[in-house]
Amino acid sequence: VRVPIWVKQGTMRLPPQRTTPIIAVGPGTGCAIFRAFFEERHSTRLTNPTPSRDVFVFGCRHEHKDYLFRDEWHALRAEHTLDLLLVAFPGTSDIYIHMSYCTDHTPCRDQPRKVYVQHLMEQHARQLWELIDREGAVFYLSGNAKNMPKDVRRAFKAIVVREGHLSEDEADKYIRTLELHDRFMTETWF
């Protein structure tokens, strides 16, 4: 049996300045590229300690079955490579466990409803906006191309409108400018 495979070079790269904050949204297997990104950031910080302003937003259906690289994410948070780790487990029922790891490494809140990565973004809108607008963060999105990318982009736009006090049209232009300057990057697949 012949199985055709190929390797396609990815489009996402870390920013050239190692101190530029990154916001990575990678539900499910979308987290794979960010594992490499944060490992690179961690190794850089071992030789050149700088405060972390990096955020990782991960979501999967079931914490015990699908939380890929769980121990690594928590270690990166404990070692201050990640400033904020946001995790959603919407599951297949209305039971939801959301862990937003605060500075003391304990969950900030639990809620009894389905919440996805875009909801976590909206809950942390002010912090994300400050990273994007004031600190020049790069926003990355990786994962399944079905509904998630549209929902995340919609949430990102809502953050730009609300926190940036922009109109819908101005927010669209703002996001297009981020894309043109490689500060809003998406890599999704079916």
Side-chain angles (χ1 to χ4, degrees), residues 10-28 30-31 33-34 37-38 40-41 44-45 50-59 73 76-77 80-88 90 96 98-103 107-109 111 113-189:
T11 58
M12 293 196 276
R13 307 265 183 280
L14 280 169
Q17 293 286 22
R18 296 175 183 200
T19 56
T20 301
I22 63 174
I23 300 166
V25 180
C31 72
I33 189 169
F34 303 130
F37 277 18
F38 292 123
E40 171 70 20
R41 284 286 174 107
T44 300
R45 287 195 174 99
T50 56
S52 169
R53 299 294 291 143
D54 296 341
V55 175
F56 180 50
V57 185
F58 176 77
W73 303 127
L76 289 169
R77 176 65 190 103
H80 305 289
T81 295
L82 288 173
D83 186 46
L84 187 61
L85 172 62
L86 304 174
V87 185
Y96 160 74
H98 160 220
M99 287 186 277
S100 168
Y101 289 91
C102 299
T103 54
C108 295
R109 67 176 69 89
Q111 297 173 346
R113 63 182 178 97
K114 283 191 180 186
V115 176
Y116 298 97
V117 292
Q118 63 270 21
H119 300 121
L120 299 179
M121 290 171 52
E122 290 167 354
Q123 290 173 3
H124 293 82
R126 179 158 304 195
Q127 184 175 5
L128 298 180
W129 174 250
E130 288 176 7
L131 288 172
I132 289 287
D133 194 60
R134 292 194 183 123
E135 297 187 37
V138 177
F139 183 90
Y140 300 96
L141 173 62
S142 177
N144 185 299
K146 189 174 178 184
N147 295 320
M148 183 271 301
K150 288 182 286 190
D151 294 337
V152 168
R153 188 179 184 97
R154 193 175 305 118
F156 188 85
K157 181 178 175 180
I159 290 169
V160 171
V161 167
R162 186 172 65 244
E163 299 298 326
H165 307 289
L166 301 175
S167 70
E168 297 277 328
D169 289 340
E170 290 170 330
D172 286 330
K173 289 176 188 173
Y174 184 90
I175 294 169
R176 279 195 299 275
T177 300
L178 291 178
E179 289 173 321
L180 288 171
H181 292 96
D182 292 332
R183 290 191 47 221
F184 186 101
M185 294 186 234
T186 302
E187 194 166 284
T188 59
W189 55 87

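- Contact annotation: the side chain of D182 never approaches that of V138 to less than 4.5 Å [non-hydrogen atoms, C-beta and beyond].
- Residues passing the side-chain hydrogen bond (donor to acceptor under 3.5 Å, both in side chains) test with Q127, sequence neighbours excluded: none.
- In this structure, R18 places its CZ atom where only 12 or fewer heavy-atom neighbours from other residues, nucleotides or ligands lie under 6.0 Å away.
- Heavy-atom minimum distance, L82 versus W73: CD1-O, 3.9 Å.
- Here the side chains of H124 and V57 are not in contact, with every heavy-atom distance at 4.5 Å or above.
- The backbone N or O of I132 sits less than 3.5 Å from a side-chain atom of R183, completing a donor-acceptor pair.
- No side-chain heavy atom of T81 sits under 4.5 Å from any side-chain heavy atom of F56.
- Side-chain contact between P27 and V25: present, with at least one pair of heavy atoms (C-beta onward) separated by less than 4.5 Å.
- Looking at every heavy atom in both residues, V161 comes nearest to A171 through CG2-CB, 3.5 Å.
- Taking all atoms of both residues into account, the shortest heavy-atom contact from R41 to P15 is NH2-CG, 3.5 Å.
- Around atom CZ of R162, more than 12 heavy atoms belonging to other residues, nucleotides or ligands sit under 6.0 Å away.
- For the side chain to side chain contact (heavy atoms under 4.5 Å, CB included) with V55, the qualifying choice from I22, L128, L85 is L128, the only one to do so.
- Between the side chain of Q118 and the main chain of R154, no donor-acceptor pair closer than 3.5 Å is present.
- Nearest approach of K157 to D172, heavy atoms of both residues: NZ-OD1, 3.0 Å.
- Between V152 and Y116, the closest side-chain pair of non-hydrogen atoms is not below 4.5 Å.
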